[in-house]
Amino acid sequence: MIAKIRQLGPGALVTAAFIGPGTVTACTLAGAIHGYALLWALLFATVATIVLQEMSARLGLITHRGLGANLAELFANSPVRWPLIALVGVALYAGNAAYEAGNLSGAALGIEAIAGEGTFTLAIVGIAGLAGILLLTGSYAVIERALLVLVAVMTLAFAATFAITQPELGALFAGMVTPSVPEGALVTVVALIGTTIVPYNLFLHASAVARKGGSAQDLAAVRADTTISIGIGGLIAILIASTAAASLFAQGLAVENAGDMARQFEPLFGAYSRYLLGVGLLAAGLTSAITAPMATGFAMAEILQLPSEAKSLAFRAIALSVLVIGAGLSLAGIRPVEVILAAQFANGLLLPILAGFLLYAMNQSALLGRYVNGWLANGAGIAVTLIAGGLGLRLILRALG
């Protein structure tokens, strides 16, 4: 089983999309501003991610195609084909361009934390250039393997800080099992869901599993990889929010930049805290800056029925366009922390649309045969979609008065 997981499961790639600078920033802000009150949103989002990503992985494994390719087949002769392509295209481009801006801003914040202020613009250009080279050459497999080490280091750092800061376990448990939305916290709740249930991951995961090969006999191994990878990501997210609650929230400290976020490490790492956070943000931002364009490239090339191999012209053109748009947004002069939070918020709003397409595909027996969704998977998927959609709709209606 372990050998199959390593062979078939793109766990590192999934975790790369899961643990980006947006996760660190959104979870830190949630803990620093609202204490333990929003931990329930992270727990819900982690379970919901496992539910949706299991479907995505199952689709890729059984059909040997990504979600985009399956949607193209399902709607090939339908009059709604082009409206579908337009809707998915806008959703992916809008969400991933915003997400890419957040990734690049987060990575640049990491460099700024290490090298000092005044390096942000140059860092954006340098990171975007490096990500572009990796996408063009296909060398991101090295990044995927290196991520395993990064995830382990980040987990240990937050776990050790969690133990030293000694969060209030009663308040922590209450925050995880008692859903509440404090005044002004709805944007943060939607952002937490958007940074955990990453919408583009639904396309990326299916494509990655399909490209790994395998058959229906390997479903248990792929499910285990999905659960473990996302479970680790969820644990890290909860640790980040909890350490921020125990340190920043408890002391009433505001978060404006990477230096402020690094304060949660001070009980353990002292003056070296900003270097630890800086390296973490840089590495997480770079890996996420690659996965977001990759997901858009795979999805749009598949939906348009163009060559979707990583070295095809169509894939590279689409992926690089997302990278360029994201770089432009990150250089627009908006505060980096606000860019990152807005990106997660956009993802949270777009999630119900893309999850709806996934659920539709998972109920097509022509594609999946006996591996279509059962009543339990459908019930869980519909509940996730309705809850995420309801939160987003509530926020939109509130904004409209």
Side-chain angles (χ1 to χ4, degrees), residues 13 16-26 89 92-144 146-147 150 195 198-201 203-204 257-258 277-301 310-344 346-347:
L13 190 63
F18 194 106
I19 300 298
T23 302
V24 178
T25 304
L92 282 172
Y93 261 101
N96 284 359
Y99 203 79
E100 188 70 356
N103 293 331
L104 294 171
S105 295
L109 272 179
I111 290 181
E112 197 171 50
I114 297 170
E117 295 184 3
T119 57
F120 186 80
T121 300
L122 183 61
I124 290 287
V125 175
I127 295 163
L130 178 57
I133 291 171
L134 291 172
L135 285 168
L136 286 172
T137 60
S139 301
Y140 42 77
V142 177
I143 297 294
E144 181 180 346
L147 180 69
L150 169 66
T195 195
V198 183
Y200 74 70
N201 232 358
F203 289 85
L204 179 62
N257 51 46
L277 184 73
V279 171
L281 284 175
L282 173 60
L286 179 59
T287 51
S288 296
I290 295 168
T291 55
M294 280 176 61
T296 313
F298 284 139
M300 292 308 301
K311 293 187 177 181
S312 69
L313 178 61
F315 171 86
R316 288 176 171 177
I318 295 168
L320 288 176
S321 68
V322 173
L323 178 61
V324 170
I325 294 171
L329 290 174
S330 63
L331 291 171
I334 307 171
R335 285 195 313 124
V337 171
E338 292 180 356
V339 171
I340 295 169
L341 190 63
Q344 317 314 315
N347 269 339

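Checked against the 6.0 Å centroid threshold, Phe203 and Phe298 do not count as a close aromatic pair.
Atom CD1 in Ile114 sits 11.0 Å away from atom CG in Leu109 (nearest 0.5 Å). Taking CG of Asn96 as the reference point, atom CD1 of Ile318 lies at 12.0 Å (rounded to 0.5 Å). Note that OG of Ser321 and CZ of Arg316 are 14.5 Å apart. Values are rounded to the nearest 0.5 Å.
When the side-chain contact (heavy atoms from CB on, under 4.5 Å) test is applied to Ala292, the partners found at least two apart in sequence or on another chain are Tyr99, Glu100, Asn103, Tyr200. Thr119 is linked by a side-chain contact (heavy atoms from CB on, under 4.5 Å) to Ile111, Glu112, Ala115, counting only residues two or more places apart in sequence or in another chain. Under the side-chain contact (heavy atoms from CB on, under 4.5 Å) criterion, Leu130 pairs with Leu134, Leu286, not counting sequence neighbours.
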**Request:** Go through Ile133 and Leu136 one step at a time and tell me if the side chain to side chain contact (heavy atoms under 4.5 Å, CB included) criterion holds.
**Result:** CA-CA 5 Å; Ile133 291 171; Leu136 286 172; 5.8 Å; no
**Request:** Assess whether side chain to side chain contact (heavy atoms under 4.5 Å, CB included) is satisfied between Phe315 and Met294, documenting all intermediate values.
**Result:** CA-CA 8 Å; Phe315 171 86; Met294 280 176 61; 4.1 Å; yes
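Counting only heavy atoms from C-beta outward, the side chains of Pro293 and Leu135 approach each other to under 4.5 Å.
Closest heavy-atom contact between Leu329 and Ala101: CB-CB, 3.7 Å. Closest non-hydrogen pair, Ile127 versus Ala107, comes out as CD1-CB, 3.4 Å. Here the closest non-hydrogen pair linking Ile325 and Ala97 is CG2-CB, 3.6 Å. Residue Ala295 comes nearest to Leu204 through the heavy atom pair CB-CB, 3.8 Å, listed as atom of the first residue, atom of the second, then distance.
Listed by first and then second residue, the side chain to side chain donor-acceptor pair (under 3.5 Å) pairs that reach into residues 124-134 come to none, sequence neighbours excluded.
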